[in-house]
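Lettering of chains follows the sequences in order, A, B, ..., and the numbering in each one begins at 1.
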Protein chains: 2
Amino acid sequence: MELHEPELREVPVTAVLAALADDVRLQIVRALAEGGEYACGTFEFGVSKATRSHHLKVLREAGITRTRVAGTSRYVRLRREELERLYPGLLDAVLAAPARA
Amino acid sequence: MELHEPELREVPVTAVLAALADDVRLQIVRALAEGGEYACGTFEFGVSKATRSHHLKVLREAGITRTRVAGTSRYVRLRREELERLYPGLLDAVLAAPARA
DNA sequence: GAGGTTGTTCGACGGTTGTCGAACATGGGT
DNA sequence: ACCCATGTTCGACAACCGTCGAACAACCTC
């Protein structure tokens, strides 16, 4: 299983923004920003397994998260440094926003 | 003609991000960031009048731009200060990104 | 007021996206 | 070996989005 994790610089800005422009995915990003590394199953956001898997794929392919495989589990974490280097301030600005707007 | 220009704080973050997550709209924002105020017709991005009008509406309703009506023309400008106050760093991060990624 | 300019609105269309259940794949435990 | 737990993939479906031409609205100028 080769995970597709592109170089962030090769991802169009619009794709990064689109990946963040979803409520469920933003919840995931918020959780990752606070908690460090999470197993996929830890997330419980009122969506099915399939949907969660889909969202994590979008985040991964947008270069926002990195995934580590360990047994049957997958551990996800934010690519903070890379995001900060290429889009300084973006993540903080998004995270600083009120969760419910 | 009452233009719908919401308070930025009342717009969900996801709506702001979604508004920026489009190539045409990002071109508009880039132009506005450099040029100050533009008449709608000044934009020539290879889309029809109808499409351009649609994109300007999306930006306006996301709280990103403000529109001034003058005769048959409409002048559009960025709401930089408000954006900066609510999402510090976001606009700069997006604008700093390479136009073609 | 007739005509031209500037923009918006109205379907319509095709493509993309979020969602789900079900089926599948993989690895661990007993 | 079997079963269970964890995730992914596969249709399918509805909703949304970007796009266009055509029609409409408002205003300016002659």
Side-chain angles (χ1 to χ4, degrees), chain A residues 1-6 11-32 35 37-77, chain B residues 1-6 11-32 35 37-77:
Chain A
M1 168 62 79
E2 69 281 359
L3 290 180
H4 183 219
E5 290 186 345
V11 179
V13 196
T14 49
V16 176
L17 293 170
L20 294 172
D22 178 277
D23 262 315
V24 177
R25 289 196 291 267
L26 212 45
Q27 287 185 67
I28 296 178
V29 169
R30 283 185 209 282
L32 289 175
E37 201 175 48
Y38 274 78
C40 300
T42 329
F43 302 115
E44 199 50 66
F45 295 132
V47 294
S48 71
K49 276 196 309 177
T51 302
R52 180 186 57 199
S53 196
H54 163 69
H55 286 309
L56 289 171
K57 183 178 180 181
V58 172
L59 288 173
R60 189 179 63 241
E61 295 188 343
I64 295 175
T65 60
R66 206 171 279 286
T67 302
R68 181 172 62 88
V69 180
T72 71
S73 296
R74 278 137 192 261
Y75 293 91
V76 185
R77 65 184 187 282
Chain B
M1 168 60 82
E2 67 284 358
L3 289 179
H4 184 218
E5 290 187 345
V11 179
V13 197
T14 49
V16 176
L17 293 170
L20 295 171
D22 178 277
D23 262 315
V24 176
R25 288 196 291 266
L26 213 44
Q27 285 185 69
I28 297 178
V29 171
R30 282 184 210 284
L32 289 175
E37 200 176 47
Y38 275 78
C40 300
T42 329
F43 301 116
E44 199 49 69
F45 295 133
V47 294
S48 72
K49 275 196 308 178
T51 302
R52 180 187 58 200
S53 196
H54 163 69
H55 285 309
L56 289 171
K57 182 178 180 182
V58 172
L59 287 173
R60 188 179 64 242
E61 295 190 342
I64 295 176
T65 61
R66 205 171 282 282
T67 302
R68 181 172 62 88
V69 180
T72 69
S73 295
R74 277 138 191 260
Y75 293 90
V76 186
R77 64 184 188 282

Side chain of A:Cys40, heavy atoms from C-beta onward: which of D:dT9, D:dG7, C:dG7 has the nearest atom to it?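 Among D:dT9, D:dG7, C:dG7, the one nearest the side chain of A:Cys40 is D:dG7.
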Please report the C-alpha distance between A:Thr51 and A:Val24 in whole Å, then the side-chain angles of each, then the deciding distance to 0.1 Å, and finally whether the side-chain contact (heavy atoms from CB on, under 4.5 Å) criterion is met. CA-CA 10 Å; A:Thr51 302; A:Val24 177; 5.8 Å; no
Step-by-step side-chain contact (heavy atoms from CB on, under 4.5 Å) determination, A:Thr65 to A:Leu56: CA-CA 8 Å; A:Thr65 60; A:Leu56 289 171; 5.7 Å; no
Spacing of CG belonging to A:Leu32 relative to CD belonging to A:Gln27, to within rounding of 0.5 Å: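 Going from CG on A:Leu32 over to CD on A:Gln27, the span is 12.0 Å.
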CG-CD1 distance between A:Asp23 and A:Ile28, expressed to the nearest 0.5 angstrom: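 Taking CG in A:Asp23 and CD1 in A:Ile28, the distance rounds to 11.0 Å.
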Rounded distance in Å - [atom1] ([X]) to [atom2] ([N]):
| X | N | atom1 | atom2 | answer |
| --- | --- | --- | --- | --- |
| B:Tyr75 | C:dT6 | OH | C1' | 10 Å |
| A:Leu56 | D:dT9 | CG | C1' | 14 Å |
| A:Gln27 | C:dG18 | CD | C1' | 14 Å |
| A:Arg68 | D:dG7 | CZ | P | 12 Å |
| A:Ile28 | C:dG18 | CD1 | P | 11 Å |
| A:Leu20 | C:dG18 | CG | C1' | 16 Å |
| A:Lys57 | C:dG18 | NZ | P | 12 Å |

Would you say B:Ser73 reaches C:dG7's phosphate, i.e. side-chain N/O to OP1/OP2 under 4.0 Å?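 Answer yes for this pair, as a side-chain N or O of B:Ser73 is under 4.0 Å from OP1 or OP2.
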Between A:His55, A:Glu61, A:His54, which is the residue that forms a side-chain contact (heavy atoms from CB on, under 4.5 Å) with A:Lys57?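 Result: among A:His55, A:Glu61, A:His54, A:Glu61 is the only option passing the side-chain contact (heavy atoms from CB on, under 4.5 Å) with A:Lys57.
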What does A:Ser53 touch in the nucleic acid at a heavy-atom separation under 4.0 angstrom: a base, only the sugar-phosphate, or nothing?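 It contacts base atoms.
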Expected output: side-chain B:Arg25 to main-chain B:Ala19 donor-acceptor under 3.5 Å: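 Checking the backbone N and O of B:Ala19 against the side chain of B:Arg25, a donor-acceptor pair under 3.5 Å is found.
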Could you run through nucleotides 16-27 of chain D and give me one letter per nucleotide, 5' to 3': B if any protein heavy atom sits under 4.0 Å from the base, S if only the sugar-phosphate is that close, - if neither? --SBBB-----B
